[in-house]
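Below is one structure, written out as structure tokens; the observations come after it.
All of these numbers come straight from a predicted model, not from anything done at the bench.
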Amino acid sequence: MIANHAAVILCALRNYVFRDKDIEELAKLRAQICGGCDEFSMDGYKHCKICKCSIPLKIRSVDKNREHECPIGKWGELDDLTNSIIKKL
């Protein structure tokens, strides 16, 4: 579990530093959803109050197992875009 979480964090960091056009499009849409969510917090840093993840990293987290999606399923409307990016990984 910890190793998998670390791998996803590293992937998100890579996507944050080395910007990919498609992942940035997905991140922008995810950020809009997160920004309108009651569980979004800017208390100290932008994060999800449920999973405690940093939003700038979480929105760029794309893994084949889709284990690090929105914890309350709000990114579901982006499934087609997410799946198209995953196919390219």
Minimum-distance pair of heavy atoms, taken over all atoms of Val62 and Asn15: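 Scanning both residues, the minimum pair turns out to be N-ND2, 4.4 Å.
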Nearest heavy-atom neighbours spanning Pro56 and Arg60: O-NH1, 2.7 Å
Same apolar cluster: Ile55 and Met42, side chain cutoff 4.5 Å: yes
Single-linkage hydrophobic cluster, 4.5 Å side-chain cutoff, Tyr16 and Ile23 together: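 No; tracing contacts between hydrophobic side chains, which count when under 4.5 Å, never links both residues.
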Could you tell me the separation between the [atom1] atom of [X] and the [atom2] atom of [Y], rounded to the nearest 0.5 Å?
X	Y	atom1	atom2	result
Cys53	Ile9	SG	CD1	7.0 Å
Arg19	Glu24	CZ	CD	4.5 Å
Cys70	Lys58	SG	NZ	7.5 Å
Cys48	Lys74	SG	NZ	10.0 Å

List the atom pairs, with distances to 0.1 Å, where a side-chain N or O of residues 26-38 and a protein N or O form a donor-acceptor pair under 3.5 Å, not counting sequence neighbours.
from, atom 1, to, atom 2, distance (Å)
Arg30, NH1, Ile59, O, 3.2
Arg30, NH1, Ser61, O, 2.9

Pairs involving residues 38-57, ordered by first then second residue, that meet ring-ring contact (aromatic ring centres under 6.0 Å, His included) (sequence neighbours left out): Tyr45-His47
Side-chain heavy-atom pair Leu57, Leu13 within 4.5 angstrom cut-off: yes
Partner set under ring pair (Phe, Tyr, Trp, His ring centres under 6.0 Å) for Phe18, not counting sequence neighbours: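 Listed in chain order: nothing, the list is empty.
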Apart from Ile72 itself, residues in the same hydrophobic cluster as defined by side-chain heavy atoms under 4.5 Å: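 Ile50, all in the cluster of Ile72.
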With sequence neighbours excluded, residues passing side chain to side chain contact (heavy atoms under 4.5 Å, CB included) with Ser84: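 Applying side chain to side chain contact (heavy atoms under 4.5 Å, CB included) to Ser84 gives Leu81.
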Pairing residues for Lys64 by the side chain to side chain contact (heavy atoms under 4.5 Å, CB included) criterion, not counting sequence neighbours: Ile86, Leu89
